[in-house]
Amino acid sequence: MSYANSVVVLDFETTGLSPDMGDRAIEIGAVRIEQGVVIERFQELMNPGQRVSGFIEDYTGISNDMLKDAAPCEEVMERFAEFVGDGNLVAHNASFDKRFLDAEFARISRRYGGGFSCSLLAARRIFQDAPNHKLGTLVRYANIPSDGTFHRALYDSEMTVKVWMAMLDSINERYDWADVPFSAIQKLNKTPKKSVHQFLSKQSIRHSA
DNA sequence: TGCCAGGCCCTCTTTAGGGCCTT
C-alpha cells in the first residue's frame, strides 16, 4: 500500500501536565515519515528555566543535571519550528502535546500550518480489543519489538510511528484501502466508536485501488 | 505553602460523574 501523506510524529517530555499552570517542555522528539518510511528525526533536551520535580526525574530519566547545560526552550523550539514546517502532525494523546506545542510556539511567536491527528483516539477505534490504549500497551498489542525505554521523547515518537503504521496496515487489511490519507484519520478521530466500521467501509470505496 | 489540567468517552447521562490518557 502507499502512504500518500508525509507526517511528523512528535512527543514532548515536560515538567508537568499543564502549560496553563506554568509547566514547560524539557524535551522534544519527532520523526518524519514519508510513504511509510522514516526519513528524518529530531531530538533535543531544553532548559525550562525551572527545576524539574523528583517525580519527573524518575518518570523520564531526565535529571536537573542533564538540563542545566541544555539550550533554552525558545532556542530549541525555533529549530523545531523549522523542522516541522507545515507538515501534518501526529501524537499519542495529541491534545496534551498540542497544548505544549501551542504554548511553546506562542512564546516565540511561531505557529504551525499543518493538521493534527491523535494516535490514541485512532487506536480506541481501530484496536478496540486492546486491553487499554496506553502507548506501551499498544506496542505490545501490535507485536512491535521494544526495549522498554519509554518516556523519552524520541523513543516514544518512534514507538508511536510504529503503532500508527500498524493501524494503517490494519485498515488496509480489513477494508482494502489503497491509501490512508491523513484527512481520513482526522475524520476517524471524531467518528463515534459504534460507527467506525461503517465509516471505514464507506471510505474504502473512495480509497481502494 | 500548597495546590494544580483537559479532552474524550461511557453510563446508573444531558441540571453529572468518573475513568482513561498524556507529564
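Lettering of chains follows the sequences in order, A, B, ..., and the numbering in each one begins at 1. Side chains included, hydrogens not; waters and symmetry mates left out as well; all remaining heavy atoms used.
- Between Lys190(A) and Asp156(A), the residue whose closest nucleotide on DNA chain B is further toward the 5' end is Lys190(A).
- Non-hydrogen atoms lying under 4.0 Å from DNA chain B are contributed by Asn132(A), His133(A), Lys134(A), Leu135(A), all within residues 127-149 of chain A.
- Here, dA16(B) and dC3(B) have their C1' atoms 24 Å apart, quoted to the whole Å.
- Donor-acceptor pairing under 3.5 Å is lacking for the side chains of Ser117(A) and Asn88(A).
- If you check every strand for non-hydrogen atoms under 4.0 Å, Asp11(A) touches sugar and phosphate atoms only.
- A pairwise comparison of heavy atoms in Ala70(A) and Asn47(A) identifies O-CB, 3.4 Å as the closest pair.
- Counting to the nearest Å, the P atom of dC20(B) and the NZ atom of Lys193(A) are 12 Å from each other.
- Using modelled atom types, one side-chain atom of Ser157(A) and one backbone atom of Gly29(A) make a donor-acceptor pair closer than 3.5 Å.
- For the OP1/OP2 pair of dC21(B) and a distance below 4.0 Å, the side-chain nitrogens and oxygens of His92(A) include no atom meeting the criterion.
- The heavy-atom pair separating Arg24(A) from Cys73(A) by the smallest distance is NH2-CB, 3.3 Å.
- The neighbour count for Arg79(A) CZ, taken as heavy atoms of other residues, nucleotides or ligands under 6.0 Å away, is above 12.
- A donor-acceptor contact closer than 3.5 angstrom is absent between the side chains of Thr14(A) and Asp23(A).
- A donor atom on one side chain and an acceptor atom on the other are found under 3.5 Å apart for Asp147(A) and Tyr155(A).
- To the nearest whole angstrom, the two C1' atoms, one in dT23(B) and one in dC4(B), are 13 Å apart.
- Across residues 49-68 of chain A, Phe55(A), Ile56(A), Tyr59(A), Thr60(A) each have a non-hydrogen atom less than 4.0 Å from an atom of DNA chain B (numbered order).
- Phe42(A) and Phe80(A) have perpendicular rings, their planes meeting at more than 60° on a 0 to 90° scale where under 30° would count as parallel.
- Taking atom C1' on both nucleotides, dC9(B) is separated from dT14(B) by 14 Å, rounded to a whole Å.
- The separation of dG19(B) from dT13(B), taken at their C1' atoms, amounts to 15 Å, rounded to a whole angstrom.
- Both Ile28(A) and Phe96(A) belong to a common hydrophobic cluster when Ile, Leu, Val, Met, Phe, Trp and Tyr are linked at side-chain heavy-atom distances under 4.5 angstrom.
- Taken together through direct or relayed side-chain contacts under 4.5 Å among Ile, Leu, Val, Met, Phe, Trp and Tyr, Leu168(A) and Val38(A) form part of one hydrophobic cluster.
- Criterion: ILVMFWY side-chain heavy atoms under 4.5 Å apart, direct or through other members. Under it, Val163(A) and Leu120(A) are not part of a common hydrophobic cluster.
- Comparing dG18(B) with dC12(B), their C1' atoms are spaced 12 Å from each other, to the whole Å.
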Check the interface with nucleotides 1-8 of chain B: list each N/O to N/O pair with the protein under 3.5 Å, or write none.
unit_1: dG6(B); atom_1: OP1; unit_2: Asp20(A); atom_2: OD2; d: 3.3

